[in-house]
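Scroll down for the structure; my scribbles are underneath it.
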Amino acid sequence: MHANRDLVTGFLKNKLKFRGFVISDWLGIDKITSPPHANYSYSVEAGVGAGIDMIMVSNFTEFIDVLIYQVKHNIIPISRIDDAVKRILRVKVVMGFFENPMADYSLVNQLRSQEHRELAREAVRKTLVLLKNGESADKPLLPLPKKATKILVSGIHADNLGYQCGGWTITWQGLGGNDLTSGTTALQAIKNTVDPTTRVVYSENPDSDFVKSNKFSFAIVVVGEPSYAETFGDSLNLTLSEPGPRAIYNVCGAVKCVVVVISGRPVVMQPYLSSINALVVAWLPGTEGQGVADVLFGDYGFTGKLARTWFKTVDQLPMNVGDPHYDPLFPFGFGLTTKPTEEVIVD
């Protein structure tokens, strides 16, 4: 796309009459060639010539030198530069940047307001997807009872706000742990939700003997992937992070369990499915882990559906609806539903 003049200029700007400006991806023009940056002079000529108006680069002095040279030698016409500058300035004028160049702080006091947090919590509730609920429809595990003698919560994602938020949160790659920002982890949410008489035991990675000897009513295992963004998240196996799989085997092999997956994408679950009583994908719920407990314990019902196919093995990929080899673990649009166990009163 970075070198596609027919689409960027011909279709977007000329046919659709787009009046904004086009920005490259970070180091996008470098990747016009393979390997990237192999012929930078050509990349600048092709990218700017295609109609890109603003270029995101790291070595900006190199880009500026090459661009000036090409304009001076009529490789890139000055009319192309005029078009880019006009488009950028027009957007700035329309947005009032010249009159008010600094950010407007008048709404800062609303950031992280209770109203915003409640909306985020609602989004978590509505996007959770229930993939398995007991061995049959007449023997569901969810919703869980709030009143139980003793329950186990385990998994490295159960008390990890950073993992719930994922990448591009406060920092580029995100952070593990609970020092990233403020919010509610899944563990905190569970403790907030259960009956005061219910004892919640948290063990991040318990062995099977511990689970068997404690007579838990049921267990909640929260596992998934660490935080990542962009290429740092590239994976050829799409597996759960250790010791997540070990926690599933140790816990679910000894007590009734619901597994909650914290992940921005489908991951391999087939090997564990037979030992899991209920499976919930929570995606990346962010700071409002309370939304997870809202649905697990029946204050609200499960309504979410898969926004993409959940594969059995990575060998099947790519796999999409309509493919001759379409044989997913859970198909596109799948999602079991539950009813709330008690009336929710909304003010």
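Residues: numbered from 1 along the sequence shown. Heavy atoms only: backbone and side chains are in, while hydrogens, waters and symmetry mates are out.
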Would you call [X]-[Y] a salt bridge at under 4.0 Å N-O?
X: Asp299; Y: Lys146; value: yes
X: Asp53; Y: Lys86; value: no
X: Lys212; Y: Asp209; value: no

Which side-chain N or O atoms in residues 244-261 pair as donor and acceptor under 3.5 Å with protein atoms at least two apart or in another chain?
residue, atom, partner, partner atom, Å
Asn250, ND2, Pro206, O, 3.1
Asn250, ND2, Arg246, O, 3.4

Does a donor on one side chain sit under 3.5 Å from an acceptor on the other, for [X] and [Y]?
X: Trp172; Y: Glu230; answer: yes
X: Gln70; Y: Ser41; answer: yes
X: Asn59; Y: Thr61; answer: yes
X: Ser263; Y: Glu225; answer: yes
X: Ser241; Y: Tyr163; answer: no
X: Gln290; Y: Asn192; answer: yes
X: Glu62; Y: His37; answer: yes

(request) Apply the test side-chain contact (heavy atoms from CB on, under 4.5 Å) to residues Lys13 and Val22: give CA-CA distance (whole Å), side-chain angles for both, the deciding distance (0.1 Å), then the verdict. (result) CA-CA 9 Å; Lys13 291 184 174 181; Val22 179; 4.0 Å; yes

For the hydrophobic clusters of this structure (ILVMFWY residues joined by side-chain heavy atoms under 4.5 Å, transitively), does one cluster hold both [X] and [Y]?
X: Val153; Y: Val194; result: yes
X: Leu12; Y: Leu7; result: yes
X: Val91; Y: Phe18; result: no
X: Val129; Y: Phe332; result: no
X: Phe21; Y: Phe98; result: no

(request) Starting from the C-alpha separation in whole Å, work towards a yes-or-no answer on side-chain contact (heavy atoms from CB on, under 4.5 Å) for Ile262 and Val223. (result) CA-CA 6 Å; Ile262 305 290; Val223 293; over 6 Å; no

Judged by atom type as modelled, is there a donor-acceptor pair below 3.5 Å linking the side chain of [X] to the main-chain atoms of [Y]?
X: Arg117; Y: Glu288; value: no
X: Asp323; Y: Tyr326; value: no
X: Thr193; Y: Lys191; value: no
X: Asp294; Y: Tyr300; value: no
X: Arg199; Y: Thr149; value: no

(request) I would like to know whether Ser43 and Asp30 meet side-chain contact (heavy atoms from CB on, under 4.5 Å); could you show each step before the answer? (result) CA-CA 6 Å; Ser43 293; Asp30 295 52; 5.8 Å; no

Can you find a heavy atom in the side chain of [X] that is under 4.5 Å from one in the side chain of [Y]?
X: Arg308; Y: Met319; value: no
X: Phe63; Y: Tyr40; value: yes
X: Val314; Y: Leu236; value: no

Can you give the donor-acceptor pairs under 3.5 Å from side chains of residues 103-111 to other protein atoms, not counting sequence neighbours?
residue, atom, partner, partner atom, Å
Asp104, OD1, Ser106, N, 2.9
Asp104, OD1, Ser106, OG, 2.8
Asp104, OD2, Ser106, OG, 3.2

(message) The criterion is salt bridge (charged side-chain N to carboxylate O under 4.0 Å, His left out); which residues satisfy it with Arg19, sequence neighbours excluded?
(response)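 Once residues adjacent in sequence are excluded, Arg19 has no partner under the salt bridge (charged side-chain N to carboxylate O under 4.0 Å, His left out) criterion.
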
(message) Could you tell me if Arg265 sits above the aromatic ring of Tyr228, with its cationic atom closer than 6.0 Å to the ring centre and no more than 45 degrees from the axis?
(response)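 Checked: cation-pi criterion met.
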
(request) Find out whether the Lys NZ or Arg CZ of Lys150 is both under 6.0 angstrom from the six-membered ring centre of Phe216 and within 45° of the ring's axis. (result)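 Positive - Lys150 is close enough to the ring of Phe216 and near enough to its axis.
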
(message) Under the criterion side-chain contact (heavy atoms from CB on, under 4.5 Å), I'd like the reasoning laid out for Ile151 against Val201: C-alpha separation, chi angles, the key distance, then a yes or no.
(response) CA-CA 6 Å; Ile151 66 175; Val201 176; over 6 Å; no

(request) Given side chain to side chain donor-acceptor pair (under 3.5 Å), test Arg121 with Thr184 step by step and report yes or no. (result) CA-CA 10 Å; Arg121 180 174 169 181; Thr184 306; over 6 Å; no

(message) Please verify the inter-ring angle class for Phe218 with Phe297; under 30° counts as parallel, over 60° as perpendicular, anything in between as tilted.
(response)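 Plane angle between 30° and 60°, so tilted.
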
